[in-house]
Amino acid sequence: MMPSSPPSTRTGRFLPALGALFFSAALWAQEPVPEQPHPVELSEDESVEDIEASQAMPGSDERASKTADAERPAGTTATAPADTDAVPTRVAPNVDLKQVAPTPEPAPKSPEPGGEATTEAAEKPVTPEAAEPKANDANPTPDAPTASEEATAAESPQEAPPAEPLVILGTEVRPGTTTRLGWTPDTTMAGLNQPTPVLVINGARPGPNLCLTGAVHGDELNGIEIIRRVMYDIQADELSGRLIGVPIVNLQGFQRGSRYLPDRRDLNRNFPGDPNGSLASRVAHSLFNDVIRHCDMLVDIHTGSLKRTNLAQLRADMHISSVARFTEGFDKMAVIHSQGTPGMLRTAATSHGIVAVTMEAGESLRIQEKQIKAGVNSINSLLEKQGMISRLFVWGKPEPVYYNSTWLRAKHGGILVSDVDLGDDVVAGEVLGIVTDPITNAQHPIRAEQDGRVIGMAVDQVVMAGFATYHIGTEARGPEQGPEED
């Protein structure tokens with residue numbers, strides 16, 4: 001029989017283990033492990049694939065955001081001021097967007113504070129107009145106006161103020177010019193960075209800044225063609241204000257034919273972004289501060305997702321009076337009241353005082369001429385309504401505003417064949433489509449639950465129980481008065 005260890009030895013072995021246990025308990029009390037968030041309910045225009053990777057996860061991103069908030073002075077916001085690139089490093093060339101051109105160069109980096117002034121703007125030669133000497137008030141020339149002529153000039157209407165240069169992405173875009181710029185979010189290896197084209201038209205006359213964004217989801221193609229046709233059809237000398245277009249926001253997703261960024265996150269759930277967050281959050285922060293904050297108005301163009309298609313429509317928060325008025329400028333475009341989801345580009349823009357809507361047109365991974373024409377027509381009508389262009393525009397019949405909409409889901413799995421088309425009016429009890437079990441030949445009709453209009457639907461395909469098949473919009477009286485947000 002082995003002799004037992006003396007009490008002092010057993011105590012010496014037990015105390016370190018007891019100390020480690022108490023230390024672990026103290027750490028656990030100081031930093032509780034966050035619980036996994038419940039899955040969010042996404043609209044059926046958003047892919048439900050890989051939801052957990054698309055939503056904000058508690059962890060490094062959240063802690064980085066809290067740290068940044070703690071270090072930020074009280075009363076300031078997370079985004080950088082809009083004039084961060086107020087000092088241009090070059091003057092943009094005036095180009096014809098219709099002509100074939102090489103890929104735009106990345107935006108130059110802003111000069112470091114206190115650095116040498118080596119910008120092209122500082123080095124540009126003095127123009128002949130600027131070199132002309134000013135008239136000497138003490139020694140008027142014989143051509144100087146008389147007192148009566150000055151009085152007559154004072155009584156005549158004053159001329160409109162001249163248009164001003166636009167400084168964006170470290171570049172000065174002068175009035176009456178059109179150019180291509182390159183936006184690079186600096187989120188990949190430096191040697192593999194590819195600038196995203198940004199089209200800019202600075203009109204010859206002053207006016208608002210309208211921004212158009214497409215392919216925030218990389219598989220949504222209709223918006224790319226809508227922006228191209230709108231931008232390439234406008235000349236700078238006929239425009240009042242500025243038109244800024246980013247046809248392909250999610251360039252990496254577009255190249256892969258994917259809705260998502262390479263980190264499998266949904267870019268349209270991460271605005272306005274965080275410079276210290278995930279890849280999606282960093283890309284969103286860069287776009288929002290480098291481009292979007294130059295906008296007075298924004299149209300973010302999307303399509304349906306996951307084998308669904310949408311009637312050409314606007315998604316807008318009709319509680320905001322400025323947004324409600326903005327929707328009146330879109331011709332032949334139905335409006336769906338939607339407050340949006342936190343993280344969307346539209347909701348982030350409106351929270352920063354930018355009048356913004358989402359345009360939905362067609363389905364993903366397809367180029368659809370009918371939907372593209374509807375989008376181009378509505379944006380041209382908006383430009384005319386905002387006084388940015390002056391054209392002979394014939395307005396169509398006003399489309400309704402749908403304050404209520406519901407998705408009908410399949411109750412059985414099988415092959416879906418629809419009996420209705422986008423835009424059709426339906427009545428309660430009408431058969432919209434039939435789901436057929438290919439093995440048993442059992443047929444299950446999907447019926448409308450109320451009167452309304454088909455504003456979105458699944459394309460014919462194999463569906464499982466619970467799949468959203470038909471989006472029915474119903475006209476209803478809107479809110480008497482939304483909250484004061486102007």
| note | Distance col, row Asp237:CG vs Ile234:CD1, nearest 0.5 angstrom, shows 11.5 Å
| query | Do Asn289 side-chain atoms and His285 backbone N/O form a donor-acceptor pair below 3.5 Å? | reply | yes
| message | For Ala92 versus Leu181, what's the shortest heavy-atom pair and its separation? | response | CB-CD2, 4.3 Å
| note | The single option from Asn250, Asn268, Asp266 that satisfies side chain to side chain donor-acceptor pair (under 3.5 Å) with His217 is Asp266
| Atom pair CD (Glu220) and CZ (Phe254), whose distance is rounded to the nearest 0.5 Å | 12.5 Å
| said: Looking only at the side chains, is there a donor atom on one of Gln194 and Gln252 sitting less than 3.5 Å from an acceptor on the other? | reply: no
| task | Would you list the pairs meeting disulfide bond (SG atoms under 2.5 Å apart) in which at least one residue belongs to residues 316-389, sequence neighbours left out? | result | none
| said: Within this structure, what is the NE2-CG distance for the pair His302 and Asp219, rounded to the nearest 0.5 Å? | reply: 11.0 Å
| query | Any side-chain heavy atom of Arg242 within less than 4.5 Å of one from Ile201? | reply | no
| Checking side chain to side chain contact (heavy atoms under 4.5 Å, CB included) for the pair Leu432/Asp419: CA distance, chi angles, key distance, verdict? | CA-CA 5 Å; Leu432 307 179; Asp419 294 333; over 6 Å; no
| query | Backbone N or O of Thr177 within a donor-acceptor pair of the Asn202 side chain at under 3.5 Å? | reply | no
| request: Spell out, as yes or no, whether a donor-acceptor pair under 3.5 Å connects the side chain of Gln443 to the backbone of Ile434. | output: no
| All side-chain contact (heavy atoms from CB on, under 4.5 Å) counterparts of Asp296, not counting sequence neighbours | Pro208, Asn209
| request: Please indicate whether Glu164 has more than 12 foreign heavy atoms, meaning atoms of other residues, nucleotides or ligands, lying under 6.0 Å from its CD. | output: no
| query | Donor-acceptor pair, Glu430 side chain versus Ala428 backbone, under 3.5 Å? | reply | no
| task | With the side chain counted from C-beta on, respond yes when Thr341 and Thr347 share a heavy-atom pair under 4.5 Å apart, and no when they do not. | result | no
| message | Which heavy atom of Pro445 sits nearest to which heavy atom of Val431, and what is that distance? | response | CB-CG1, 4.2 Å
| field | Exam field: side chain Thr213 to backbone Val246, donor-acceptor pair closer than 3.5 Å | value | no
| field | Ile389 vs Leu239 side-chain heavy atoms within contact, under 4.5 Å | value | yes
| request: Measure the shortest side-chain to side-chain distance between Tyr402 and Ile455 over non-hydrogen atoms and say whether it is less than 4.5 angstrom. | output: yes
| remark: Applied to residues 354-467, the disulfide bond (SG atoms under 2.5 Å apart) test, sequence neighbours excluded, yields none
| message | Distance alone, cut at 3.5 Å: any donor-acceptor contact between the side chains of Ser286 and Trp183? | response | yes
| remark: Residue pairs meeting disulfide bond (SG atoms under 2.5 Å apart), one or both in residues 222-281, sequence neighbours left out, come to none
| Sub-3.5 Å donor-acceptor pair from the side chain of Arg269 to the main-chain atoms of Ala280, do we have one? | no
| said: Is the terminal nitrogen or CZ of Arg447 (NZ for Lys, CZ for Arg) located under 6.0 angstrom from the six-membered ring centre of Tyr470 and within 45° of that ring's axis? | reply: no
| Counting only N and O atoms by type, is there a donor-acceptor contact under 3.5 Å from the side chain of Arg308 to the main-chain atoms of Ala468? | yes
| field | Option from His471, Gln371, Glu360, Glu363 for which side chain to side chain donor-acceptor pair (under 3.5 Å) with Asn310 holds | value | Glu360
| Considering all heavy atoms of both residues, which atom of Trp407 and which atom of Gly456 are nearest to each other, and what is their separation? | CH2-C, 4.2 Å
| query | Hey, are Thr358 and Arg315 close enough side-chain-wise for a donor-acceptor pair under 3.5 Å? | reply | no
| query | Can you tell me if Thr350 uses its side chain to pair, donor with acceptor, with the backbone of Arg346 under 3.5 Å? | reply | yes
| Minimum-distance pair of heavy atoms, taken over all atoms of Leu416 and Ala458 | CD2-CB, 4.1 Å
| query | Quick one: are Val200 and Leu243 in side-chain contact, heavy atoms under 4.5 Å? | reply | no
| query | Once the angle between the rings of His444 and His412 is folded into 0 to 90°, is it parallel (under 30°), tilted (30 to 60°) or perpendicular (over 60°)? | reply | parallel
| Steps toward side chain to side chain contact (heavy atoms under 4.5 Å, CB included) verdict (Val435, Ile415) | CA-CA 5 Å; Val435 177; Ile415 298 175; over 6 Å; no
| task | Sorted by first residue and then second, give each disulfide bond (SG atoms under 2.5 Å apart) pair with at least one member in residues 287-389; sequence neighbours left out. | result | Cys211-Cys295
| said: Could you tell me if the side chain of Val198 sits less than 4.5 Å from the side chain of Ile244, heavy atoms only? | reply: yes
| query | How would you list, by chain and number, every residue that makes a side-chain contact (heavy atoms from CB on, under 4.5 Å) with Arg228, sequence neighbours excluded? | reply | Glu225, Tyr232
| note | Smallest heavy-atom separation, Ala163 atom then Pro175 atom, equals O-CG, 3.4 Å
| task | Give a yes or no on whether a salt bridge exists between Arg453 and Glu475, defined as a side-chain N under 4.0 angstrom from a carboxylate O. | result | no
| query | Looking only at heavy atoms, which two atoms of Ala316 and Val357 are closest? And how far apart? | reply | CB-CG1, 3.8 Å
| query | Below 4.5 Å, heavy atoms only, C-beta onward: do Phe467 and Arg409 meet side chain to side chain? | reply | no
| When rounded to the nearest 0.5 angstrom, what distance separates CZ in Arg325 from OG in Ser321? | 4.5 Å
| Ignoring hydrogens and geometry, is there a side-chain-to-backbone donor-acceptor pair from Ser378 to Met333 under 3.5 Å? | no
| task | Examine His352 together with Phe288 and report whether their ring centres are nearer than 6.0 Å. | result | yes
| request: Rounded to the nearest 0.5 Å, what's the gap from CD1 on Ile227 to CD1 on Ile372? Could you check? | output: 11.5 Å
| Student check: side-chain heavy atoms of Phe271 and Met344 closer than 4.5 Å | no
| What is the distance from atom CD1 of Ile472 to atom CE of Met457, rounded to the nearest 0.5 Å? | 9.0 Å
| message | Would Gln313 and Val335 count as a side chain to side chain contact (heavy atoms under 4.5 Å, CB included) here? Give the steps. | response | CA-CA 6 Å; Gln313 60 190 252; Val335 180; over 6 Å; no
| task | Start with the C-alpha distance between Asp233 and Arg391, add both sets of side-chain angles, then the distance that settles salt bridge (Lys or Arg N to Asp or Glu O under 4.0 Å), and finish with yes or no. | result | CA-CA 12 Å; Asp233 190 44; Arg391 293 179 178 177; 3.2 Å; yes
| query | Should Val417 and Thr436 be marked as a side chain to side chain contact (heavy atoms under 4.5 Å, CB included) after you check the CA-CA gap, both sets of side-chain angles, and the distance that decides it? | reply | CA-CA 8 Å; Val417 178; Thr436 303; over 6 Å; no
| said: Between the side chains of Lys397 and Glu399, is the shortest nitrogen-to-carboxylate-oxygen separation below 4.0 Å, so that they form an ion pair? | reply: no
| request: Give a yes or no on whether the backbone of Asn270 and the side-chain of Arg265 come within a donor-acceptor separation of less than 3.5 Å. | output: no
